[in-house]
Amino acid sequence: MTEAEQARPIYLDYQATTPVDPRVAEAMWPYFTQAFGNPHSVHHSYGREAEDAVEAARAEVARLIGAEPREIVFTSGATESNNTAIKGAARFHGPMGKRHVVTVATEHKCVLESAKALQKDGFEVEILPVEPDGRVDLDRLAAAIRDDTAIVSVMAANNEIGVLQPLAEIGRLCRDKRVLFHSDAAQAVGKVPVDVNEMAIDLLSLSGHKLYGPKGIGALYVRRRPRARIAPLLDGGGQERTLRSGTVPAPLVVGLGEACRLANAEMTAEAERLGALRQRLWDGLRGHVPDAYVNGNWEARLPGNLNVSVPGLDAETLIAATPGVAYSTASACSSTSVEPSYVLSALGLGDRDAAASIRLGLGRMTTRAEVDRAAEAIGRTAARLRAEGAGQLADTTAG
Ligand SMILES: *Cc1c(COP(=O)(O)O)cnc(C)c1O
């Protein structure tokens, strides 16, 4: 192992965040220092060159999801996009008697908390369970939709287990019932094909830092035909079709656009490469801990995600004992709490199995050599801890 390799752990936490692709960083740079104009001050060349760059980026984002450029609203990230879609739809349609919201138990916290906030405002929120493989049951979803449903929100890919939801089927169902369909696609966009028309999506959230773009930038797709109507959360200058007031951060937008352009060009080959690397990682791990198992559907899954339980072994202990690899137990947002993952609970895992689960996220910069070293380090350490009787999880009848 070279000194450089020893200096930093192998990064296998691509579902928490991705590095900015160097090509993205390079594209952004001039917009901080040279072309620094306010894209809304178009009476001079500074503003106009920023505006041109923002519009070129908007077209790239749109292209990646099969949308029109004018259907893209720039936001600060998927958290804001999700809040805007869900609360915005409720605020617009609530006064017209639509006061029912449908979402799913494995959604990201920002979706569930947005729904919970609406509940406090008197909306009725229905949170659907998932099947043991992490997918929603379509019949159950169909049965949940009512005449007064304002919006259905189902994520494209889960951030912990990487499971892909059947978006096209859900979209068709929502379109038939004339109810708005929102999807949090922060993990899916740029990794697997997402097309807002093929999937009949009305509102879609995406995030720059999940697809090799910068943090602090994202987008909300808002369908024009048939028009998805939402009320804005922010009052101000009326930027972004009045849906998101505030100066558009041109350098970040340029970065998001370049990230989407690269994803468009490289996604297919990258998915194939990552799928093979993930198989290699899984095979390597299993060689050391043959009773380990994968959480969530294996086929309908992000190519770069592996979520594994090593029965009886505390994941926190395992992670602490493998400092050469950077990976995590569950979503980054809840990693400060010792609560078992609500996503794994929703799959039916008991607390003991959930506490034995690790999330390994592979991505664009992951190499085969890194995968081999990580499999060896994690697998060997797990086997050793078990042999020593260290990190054993208590046998709970609840589990
Ligand atoms: C990361 C993530 C978010 C939050 O995105 P930010 O841009 O960090 O606000 C929301 N949903 C999912 C599924 C995510 O993975």
Side-chain angles (χ1 to χ4, degrees), residues 11-20 24 61 64-65 72-88 103-117 127 130 134-136 153-165 167 170 182-192 194 201 203-221 233-234 244 246 249 252-253 255-257 259-260 263 296 300-307 327-336 341-344 346 359-363:
Y11 187 73
L12 289 186
D13 204 9
Y14 277 82
Q15 270 88 57
T17 194
T18 60
V20 172
V24 169
V61 176
L64 184 57
I65 59 170
I72 301 298
V73 172
F74 290 116
T75 67
S76 64
T79 298
E80 186 189 332
S81 295
N82 288 337
N83 271 266
T84 306
I86 295 165
K87 294 176 184 171
T103 186
V104 180
T106 52
E107 293 292 313
H108 193 272
K109 273 280 180 217
C110 61
V111 166
L112 294 173
E113 291 298 319
S114 291
K116 204 187 274 183
I127 302 192
V130 292
R135 301 187 104 201
V136 288
S153 182
V154 182
M155 74 197 325
N158 185 270
N159 43 297
E160 288 186 36
I161 52 176
V163 168
L164 308 175
Q165 297 292 354
L167 293 195
I170 296 169
H182 165 252
S183 185
D184 173 1
Q187 292 288 346
V189 169
K191 319 290 171 50
V192 292
V194 174
I201 295 166
L203 298 154
L204 177 142
S205 305
L206 61 90
S207 173
H209 75 99
K210 302 292 173 68
L211 78 158
Y212 311 98
K215 293 170 181 63
I217 185 73
L220 177 64
Y221 159 80
L233 300 187
L234 300 182
R244 207 286 191 167
L252 299 179
V253 165
L256 177 61
C260 288
R301 191 185 197 93
L302 288 175
N305 173 278
L306 191 61
N307 188 304
Y327 62 113
S328 65
T329 51
S331 68
C333 325
S334 57
S335 60
T336 49
S341 151
Y342 67 88
V343 172
L344 296 176
R359 179 182 70 178
L360 298 162
L362 293 71

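Ligands are counted one by one from 1 in listed order, and the atoms in each one are counted from 1 as well.
In this structure a side-chain-to-backbone donor-acceptor pair under 3.5 Å is present from S183 to V154. With Y342 contributing its side chain and E107 its backbone, the two residues share a donor-acceptor pair below 3.5 Å. At least one donor-acceptor pair under 3.5 Å links the side chain of S81 to the backbone N or O of A219. Between the side chain of K191 and the main chain of K210, a donor-acceptor pair closer than 3.5 Å is present. At least one donor-acceptor pair closer than 3.5 Å links the side chain of T18 to the backbone N or O of Y212.
Closest to atom 5 (O) of ligand 1 among all protein heavy atoms lies A78 CB, 3.2 Å. Protein heavy atom nearest atom 11 (N) of ligand 1, with residue, atom name and distance: D184 OD2, 2.6 Å. Looking at atom 7 (O) of ligand 1, its nearest protein heavy atom turns out to be S207 OG, 2.7 Å.
Residues that satisfy the side-chain contact (heavy atoms from CB on, under 4.5 Å) test with S114, not counting sequence neighbours, are N83, I86, K87.
In terms of N/O distances under 3.5 Å, ligand 1 is approached by Q187.
For ligand 1, the atoms lying closer than 4.0 Å to a non-hydrogen atom of M155 are 13 (C). Each of the following atoms of ligand 1 lies closer than 4.0 Å to a heavy atom of H209: 6 (P), 7 (O), 8 (O). Each of the following atoms of ligand 1 lies closer than 4.0 Å to a heavy atom of N159: 13 (C), 15 (O). Proximity to G77 (heavy-atom distance under 4.0 Å) selects the following atoms of ligand 1: 7 (O).
No side-chain N or O of N307 forms a donor-acceptor pair with one of E160 less than 3.5 Å apart.
Contacts between K210 and ligand 1 below 4.0 angstrom, taking non-hydrogen atoms only, involve the side chain exclusively. Residue contacts with ligand 1, taken as heavy atom pairs separated by less than 4.0 Å, do not involve E80 at all. Residue contacts with ligand 1, taken as heavy atom pairs separated by less than 4.0 Å, involve T79 via backbone and side-chain atoms alike.
Checking H182, H108, E113 one by one against N82, the side-chain hydrogen bond (donor to acceptor under 3.5 Å, both in side chains) holds for a single residue, H182.
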